[in-house]
Colleague: 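Handing you a structure now.
Proteins get letters first, then strands, A, B, ... in listed order; numbering begins at 1 in each. Not measured: the values here are computed from a predicted model.
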Number of protein chains: 2
Amino acid sequence: MRTTLRDVARLAGVSPKTVSNVVNGYLHVRAETRVRVEEAIVTLNYRPNLSARNLRRGRTGVIALAVPELDVPYFAELARHLVAAADAHGWTVLVDQTDGVRERERQVIGGIRDQLIDGLVLSPLALTAADLAERTDATPMVLLGERIHHGPADHVLIDNVAAAREATAHLLELGRTRVAAIGAQRSAAGVTARMRLRGYRAALAAGGVGYDERLVASTPHFHRADGAAAMAELLDSGARPDAVFCFSDLLALGALRTLAERGLRVPDDVAVIGFDDIEDGRFSVPTLSTISPDKRRIAGCAVDLLHRQLLTGAAGHADADGGPQEVYADYRLIARESTGASVPPVPSLPAGFSASVSVSSAPSVSSVSPVPPTAP
Amino acid sequence: MRTTLRDVARLAGVSPKTVSNVVNGYLHVRAETRVRVEEAIVTLNYRPNLSARNLRRGRTGVIALAVPELDVPYFAELARHLVAAADAHGWTVLVDQTDGVRERERQVIGGIRDQLIDGLVLSPLALTAADLAERTDATPMVLLGERIHHGPADHVLIDNVAAAREATAHLLELGRTRVAAIGAQRSAAGVTARMRLRGYRAALAAGGVGYDERLVASTPHFHRADGAAAMAELLDSGARPDAVFCFSDLLALGALRTLAERGLRVPDDVAVIGFDDIEDGRFSVPTLSTISPDKRRIAGCAVDLLHRQLLTGAAGHADADGGPQEVYADYRLIARESTGASVPPVPSLPAGFSASVSVSSAPSVSSVSPVPPTAP
DNA sequence: TTGAAAGCGCTAACAC
DNA sequence: GTGTTAGCGCTTTCAA
């Protein structure tokens with residue numbers, strides 16, 4: 001049998017309450033008593049039962065992170081930062097994988113694991129505003145990404161329209177005129193894709209370049225295989241792109257692959273830019289230009305928002321501030337070889353240090369701005 | 001206040017026990033009663049308190065996965081499979097990130113979260129056999145990888161020596177004579193690296209090729225940056241390799257990057273093979289030959305072993321079978337462009353389907369063999 | 001500064 | 001089939 005607090009109390013000759021005080025760092029315990037208790041704890045190798053503590057305290061010290069796929073590098077990197085941020089608050093992270101399936105996402109917000117978790121960070125893909133409105137579970141929740149923009153929940157996101165506009169503008173500045181886009185999505189789930197498409201079109205308009213539907217490729221997902229297939233389609237269609245803005249780095253890596261197979265040079269024949277700044281793009285051949293969202297910040301904000309919700313007792317949003325929070329995280333454009341930036345020496349730096357050249361950074365986007373910096 | 005089982009019982013006009021029976025799917029409940037209870041549950045939006053249930057049952061339905069880094073693709077892919085396998089057993093996965101730091105790994109096996117988890121799957125990097133021997137926590141545990149080969153715990157691993165031998169032999173079969181190795185490690189943590197080096201040397205010996213120390217590059221980690229730096233070193237050293245066996249795919253991707261920068265052709269000038277079969281290698285330029293461990297199987301076995309330990313009540317191993325289990329998972333060699341395999345058409349298949357050509361598979365390695373297939 | 005008693009919400013025994 | 005009783009291990013009143 002496992003040793004309990006009572007066992008310790010018995011051995012130390014004190015009451016359970018005193019042991020509890022010692023364990024929880026309560027200050028007003030006589031030094032002598034404290035030592036006796038601590039010795040007993042060591043002797044018996046006592047460790048508190050967290051289930052019991054949770055039951056009593058009504059909190060568990062665990063938060064859940066729900067993402068579509070753990071092995072998509074963007075989510076993996078995000079998860080890493082979230083685990084670190086949660087750690088700082090004394091939280092452990094429990095991971096849910098939704099596969100982007102609406103029903104699973106509904107279950108997650110419905111409280112499948114409520115009372116086992118203090119909070120939830122969800123990166124939704126298929127969830128609708130209605131699903132969210134139906135939610136009755138009171139567990140604090142933070143949504144990641146643009147999916148349900150003005151829904152009744154705290155959000156952490158980046159300005160996808162502005163970022164996409166910048167990426168596209170970067171290609172136009174190279175003098176390219178037939179700029180393609182890969183990653184458009186018509187499904188209800190494609191909110192992020194639609195924002196990026198809007199930014200793409202805005203940049204074209206600003207650059208005085210006409211919008212050509214044939215240069216826009218839709219993809220079911222944002223994976224490498226989708227990017228490779230879409231690039232092949234674009235090339236076969238006779239649309240003759242001389243640059244491509246891919247809505248994710250994975251799409252871009254797939255596109256690079258197809259271009260290499262077709263014997264096209266990057267960036268000479270076709271310039272390529274992605275979105276996400278995953279580690280792969282720093283070592284691909286050629287290295288990949290991209291939009292780099294501040295993932296550390298996104299994770300940090302999500303955890304902070306959760307924390308605030310717990311303090312104010314609000315569910316899904318911080319009422320004290322008059323409604324759900326929308327926090328905008330920074331991003332920046334990173335130009336690498338795929339858009340003609342010079343070859344940096346191979347970095348022997350630890351991962352996380354970018355050896356690339358930052359050509360431009362977001363126009364003073366406040367990370368806590370309550371309104372999107374993009375004009376409506 | 002949250003609704004409790006008592007509230008439901010009151011509304012349905014039954015005892016708490018009956019509600020409990022319904023919730024837990026106990027069979028011998030009158031249909032009429034069951035319906036009444038279920039209605040009450042819906043009306044009150046009742047959801048059981050897991051902390052209370054856990055306290056009572058002594059189990060939590062949660063297992064922990066501890067890996068060095070969540071954003072290393074191999075671990076991310078493994079995590080994905082583990083979440084899926086755990087799901088099938090009704091378990092939720094809680095993720096710990098150790099950063100490969102020994103102290104954190106010790107904490108993990110020491111039971112930081114015991115009584116919050118039913119079991120632990122650990123992929124150790126720095127843990128020693130002594131650390132393991134000191135362990136007093138009784139939580140079921142399964143170790144992944146080769147770190148503490150004959151330690152007192154269940155293991156799931158692959159035959160690293162044989163796999164490395166095959167990878168190296170594959171390079172020799174191409175007619176290469178100056179086959180380099182990247183990823184050697186002298187530190188205590190480098191057990192996996194040492195097994196792979198052994199396989200490399202064995203293949204050289206079998207192929208009648210002399211061992212040349214100058215062709216072996218050590219790296220602190222198995223990351224892209226390490227591979228890139230090591231490849232640069234090898235090229236600068238005048239060792240003139242015409243092939244490289246990298247101990248991980250990330251190392252190999254880094255090496256490919258350096259080779260591209262130096263204007264060397266792969267595989268013409270230098271053939272490259274990696275280890276892990278991460279998704280990146282299926283789309284890199286060129287695509288990467290590799291050793292592919294059966295990750296789904298590894299995850300599945302780990303969960304099964306945990307399950308068995310829970311049933312037998314053993315801690316860290318299945319006593320019923322006379323000691324800790326060592327389960328060997330399959331692997332196979334996948335030849336792609338980096339060792340001269342023909343270019344497959346770009347797959348438009350969903351991720352997870354390899355479009356590559358399997359040139360050879362492991363020599364009938366049983367996945368449940370209790371002894372390593374490699375000769376001692 | 002410490003102790004005694006109560007109870008968090010649930011389920012395992014055992015009664016009926 | 002269903003109810004009663006007890007208690008999982010902890011923290012939280014409230015007294016002493």
Colleague: Tell me which nucleotide among D:dG1, D:dG3, D:dT11 gets nearest to the side chain of A:Arg57.
Modeller: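 So the side chain of A:Arg57 is nearest to D:dT11.
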Colleague: Between A:Thr33 and C:dT2, is there a contact of a side-chain N or O with OP1 or OP2 at under 4.0 Å?
Modeller: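 A:Thr33 to C:dT2 OP1/OP2: side-chain N or O found under 4.0 Å.
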Colleague: Could you tell me whether A:Lys17 sits above the aromatic face of A:Tyr26, with NZ or CZ closer than 6.0 angstrom to the six-membered ring centre and within 45 degrees of the axis?
Modeller: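 So A:Lys17 does make the cation-pi contact.
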Colleague: A:Thr4 or B:Ala31: which one's nearest nucleotide on DNA chain D is closer to the 5' end?
Modeller: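 It is B:Ala31, whose closest nucleotide lies nearer the 5' terminus.
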Colleague: Side chain of A:Ser20 only, please: which of C:dT1, D:dT11, C:dG9 is the nearest?
Modeller: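 So the nucleotide nearest the side chain must be D:dT11.
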Colleague: OP1 or OP2 of C:dG9 less than 4.0 angstrom from a side-chain nitrogen or oxygen of B:Arg6, does that happen here?
Modeller: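 For C:dG9, OP1/OP2 do not have a side-chain N/O of B:Arg6 under 4.0 Å.
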Colleague: Atom CG of B:Asn49 and atom P of D:dC8: how far apart are they, to the nearest Å?
Modeller: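 Distance, rounded to whole Å: 18 Å.
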Colleague: To the nearest Å, give me how far apart NE2 (A:His28) and P (D:dA16) are.
Modeller: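 In whole Å, D:dA16 P and A:His28 NE2 are 21 Å from each other.
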Colleague: D:dG9 P sits how many Å from A:Leu44 CG, rounded?
Modeller: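 About 14 Å, once rounded to whole Å.
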Colleague: From OH of B:Tyr46 over to C1' of C:dG9, roughly how many Å is that when rounded to an integer?
Modeller: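 In whole Å, C:dG9 C1' lies 7 Å from B:Tyr46 OH.
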Colleague: By nearest atom, which of the nucleotides D:dC10, C:dG3, C:dT2 is closest to the A:Ser15 side chain?
Modeller: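 The answer is C:dG3, which lies nearest to the side chain.
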Colleague: For B:Asn24 and C:dA12, what is the distance between atoms CG and C1' respectively, to the nearest whole Å?
Modeller: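 Checked: the CG to C1' distance equals 11 Å.
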Colleague: Is A:Asp118 paired with A:Arg57 through a side-chain N to carboxylate O contact shorter than 4.0 Å?
Modeller: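 Not counted as a salt bridge, because no side-chain N and carboxylate O are separated by less than 4.0 Å.
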Colleague: From C-beta outward on B:Pro16, which listed nucleotide comes closest to its side chain: C:dT2, C:dT11, D:dT2?
Modeller: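 So the side chain of B:Pro16 is nearest to C:dT11.
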Colleague: Specify the separation, in whole Å, of atom CZ of A:Arg53 and atom C1' of D:dT12.
Modeller: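 To the nearest whole Å, that distance equals 14 Å.
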Colleague: When rounded to the nearest 0.5 angstrom, what distance separates CH2 in B:Trp91 from OG1 in B:Thr60?
Modeller: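 These two atoms lie 9.5 Å from each other.
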Colleague: What nucleotide among D:dC10, C:dT2, D:dG3 has an atom nearest to a side-chain atom of B:Lys17?
Modeller: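 Nearest nucleotide to the side chain: D:dG3.
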Colleague: Please give, in whole Å, the distance from D:dT4 C1' to B:Asn21 CG?
Modeller: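 Between C1' of D:dT4 and CG of B:Asn21: 13 Å.
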Colleague: In whole Å, what is the span from the CG atom of B:Leu5 to the C1' atom of D:dG3?
Modeller: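 Value for this atom pair: 13 Å.
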Colleague: With A:Val142, which of A:Leu306, A:Ile63, A:Leu122 fulfils side-chain contact (heavy atoms from CB on, under 4.5 Å)?
Modeller: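 That would be A:Leu306; it is the only one of A:Leu306, A:Ile63, A:Leu122 passing the side-chain contact (heavy atoms from CB on, under 4.5 Å) with A:Val142.
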Colleague: Between A:His89 and A:His307, how do the two ring planes meet: parallel, tilted or perpendicular, split at 30° and 60°?
Modeller: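 Tilted: the ring planes of A:His89 and A:His307 meet at 30° to 60°.
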Colleague: Using a 4.0 Å heavy-atom cut-off, does A:Ser51 contact any base of the nucleic acid, only the sugar-phosphate backbone, or nothing at all?
Modeller: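 Contact class for A:Ser51: none.
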Colleague: Spell out yes or no: do the side chain of B:Arg56 and the base of C:dG9 have one donor N/O and one acceptor N/O closer than 3.5 Å?
Modeller: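 When only heavy-atom distances are counted, B:Arg56 does not reach the base of C:dG9 through any donor-acceptor pair under 3.5 Å.
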